[in-house]
Structure formats: structure tokens, C-alpha cells
Amino acid sequence: MPAAKKDLADVGTTTGMRAFSSSDGPGDTSRDLPKMENSVKSARRVFDVLEFFEEHQRAASAIEVASALKFPQSSTSALMRTMTAFGYLHYDASRRTYIPTPRISMLGHWLSPALFTRGRLINLMEDLSARTGETIMAAVRNGLSAQYVHVIQAKLPMRLHVKAGTLRPLARSGSGYALLSTYPDREVRRLVRLINATEPPDRQVDIKALLLELQKVRSQGHAFSVNLVTPGAGVVAMNLPPIAESKEPLVLCVAGLTDALIAQETELAELMAKAISFHLSD
């Protein structure tokens with residue numbers, strides 16, 4: 001089925017594969033946040049460590065975590081020892097590796113079980129992953145951004161690496177277009193005013209062009225964007241029907257290289273619609 005991945009950042013090479021990630025590190029979203037004080041940065045690193053384990057789903061040494069996240073080794077070791085002391089990580093002294101404790105899974109379980117257990121949403125995403133080999137993402141609105149809250153990484157040699165938690169501009173991304181398409185134009189205009197109030201003149205959102213794009217999304221039933229966030233890459237994004245497992249509107253995304261998406265947009269959209277109907281119909 002579909003081809004390789006790209007939706008986030010610059011192109012790099014790893015062991016015969018092309019992976020796509022930002023210059024700040026795999027899936028780094030720090031550029032989407034205000035400049036951070038040291039104490040805030042330390043707190044952010046706690047979540048980065050937890051998301052590393054969510055992505056890799058295995059034990060790892062402090063050295064490996066520090067290398068993957070591009071953190072200083074000494075401070076990473078100190079941070080993970082502290083997380084162990086508070087019961088969030090388990091340390092295997094014989095192997096010198098860490099792994100999250102069950103306490104982690106219990107923290108968010110009450111919020112949205114579908115994102116943490118093998119519920120209908122996870123089954124839907126795994127089905128699409130198996131059928132396409134592409135990166136599959138679930139996104140929600142987070143303020144003036146779209147945020148990927150769950151990611152299944154691509155299985156193709158040419159692929160995009162996306163980290164859960166990554167933010168995307170609400171008015172300049174496929175996932176954002178899908179989310180905005182559910183709002184009336186009046187609310188979209190209000191959100192754009194808020195966005196433009198924080199953007200420099202050369203980054204102002206053209207409200208007329210955006211409303212035309214959203215009209216197209218509503219008409220065809222999915223959002224399609226390429227070369228918008230990352231040159232050479234893009235997504236097909238589709239709104240999910242309301243489900244009891246989530247209190248927030250959800251968007252399903254399939255990410256790929258520009259050429260593959262252009263060639264397979266219709267096919268992917270039809271596949272996504274059928275999978276959504278099968279897994280989420282009551």
C-alpha cells in the first residue's frame with residue numbers, strides 16, 4: 001500500500017532507512033512552546049522520558065535515553081534516579097536499565113481508556129497500520145494547536161518518525177484543518193484572530209483562504225495537506241465520530257511522502273472511512 005513517511009521535520013538517515021525528525025530531536029516540540037526556565041525545562045524532560053518509554057515499550061539504560069533525547073547524560077541519570085525514587089520507574093541493577101512501573105498506566109487511565117488500553121480506537125489504528133504500513137496518528141485540539149496524542153510508527157523502509165505529544169499549527173496542518181472543519185465559520189474566525197495576534201506579519205493566517213480550505217474538507221470528508229509542515233511530506237486526516245471512550249473530538253491521520261499521498265489520497269481516504277465505520281460503529 002502507501003509509501004513512506006514524512007510529516008514533521010528534516011530528513012535524516014538511519015541504518016539504510018530514511019527517517020524524518022526535527023533538528024531538535026525526534027518529535028521535539030520545544031519550538032512550539034515559549035522559552036522555558038530551567039525548572040520548567042526539567043519538568044518537560046520528565047515527560048520526554050516517559051514518552052520515550054511509551055514509544056519504545058521496553059527497558060532502556062539512562063545512556064540510551066539520554067542519547068535518544070539528546071539530553072546531557074549526567075542530568076538524565078539523576079532525573080531517572082529521582083523518578084525511580086518516586087515510584088514511576090523501576091531500576092534493574094543487574095542490567096542497569098529502567099522501565100516504567102504500573103503506576104504510570106494508572107495516572108491517565110480514568111481520562112480516556114481508549115488511548116491506554118486495547119479499545120476500539122487502538123484497534124482501528126492498528127488495523128490501518130497493518131493495511132498501509134504508514135504512520136498512524138490520533139490528534140486532538142490543544143489550545144491553538146493540534147496535538148498527536150497517540151502514534152503508531154510506520155513499518156516501511158522510507159518513513160516518518162512522529163512522537164506522541166507533537167504539536168501542529170491548528171490553521172496550518174492537515175490535522176488542524178480537520179479539527180477546524182467541525183467548527184462554524186464564526187468560531188474559526190475567532191480562533192484565527194487569536195492565532196494572528198501571536199504571529200509576525202509574514203505568518204498571518206489568511207482567513208479567506210482557510211475558510212475555502214475548510215469548505216473543501218467538509219465537502220470531501222477529509223483533509224489533505226502536503227509540503228505544509230514539512231517539505232516533501234503530508235497527511236490525510238479524517239474526523240472520527242464521537243466515541244464514549246474520549247471526551248475530546250478526535251482526528252485520525254495517515255502520514256506519508258508527498259508523491260505517495262498524491263497518488264493514493266482517494267484510496268487512503270476510502271480505506272480510512274471503511275475502517276472507521278467497521279471499528280467505531282455502534
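Small disclaimer: the values here were computed from a predicted structure and weren't measured.
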- Check the pair Asp185 / Arg189 against salt bridge (Lys or Arg N to Asp or Glu O under 4.0 Å), numbers first and verdict last. CA-CA 6 Å; Asp185 288 355; Arg189 290 178 184 276; 5.9 Å; no
- Query: More than 12 heavy atoms of other residues, nucleotides or ligands under 6.0 Å from CD of Gln215: is that the case?
  - Reply: no
- Query: Ser181 side chain to Ala178 main-chain N or O, any donor-acceptor pair under 3.5 Å?
  - Reply: yes
- Are any of the side-chain nitrogens in Asp48 or Arg44 under 4.0 Å away from the carboxylate oxygens of its partner? yes
- Do side-chain atoms of Ser281 reach the backbone of Ser277 as a donor and acceptor pair under 3.5 angstrom? yes
- Task: Give a yes or no on whether a salt bridge exists between Arg131 and Asp127, defined as a side-chain N under 4.0 angstrom from a carboxylate O.
- Result: yes
- Salt-bridged, Glu213 to Lys208, with N to O below 4.0 Å? no
- Message: Has Gln204 got a side-chain atom pairing as donor or acceptor with Glu199's backbone, closer than 3.5 angstrom?
- Response: yes
- Task: Say whether Glu64 and His56, considering side chains only, have a donor N or O and an acceptor N or O under 3.5 Å apart.
- Result: no
- When you check the side-chain N and O atoms of Arg141 and Tyr183, is any donor under 3.5 Å from an acceptor? yes
- Query: Does Ser173 reach the main-chain N or O of Pro169 with its side chain, forming a donor-acceptor pair under 3.5 Å?
  - Reply: yes
- Message: Cation-pi check for Phe71 against Arg45: NZ or CZ below 6.0 Å from the six-membered ring centre and within 45 degrees of the axis, yes or no?
- Response: yes
- Item | Side-chain donor-acceptor contact under 3.5 Å, Asn227 with Thr258 | yes
- Donor-acceptor pair, Asp92 side chain versus Thr97 backbone, under 3.5 Å? no
- Task: Please name the pair of heavy atoms, one in Gly174 and one in Ala237, separated by the smallest distance, quoted to 0.1 Å.
- Result: O-CB, 3.6 Å
- Query: Does Met80 offer a backbone N or O that forms a donor-acceptor pair with the side chain of Thr84 under 3.5 Å?
  - Reply: yes
- Task: Over all heavy atoms of both residues, which pair between Leu180 and Leu170 is shortest? Give the atoms and the distance, please.
- Result: CD1-O, 3.4 Å
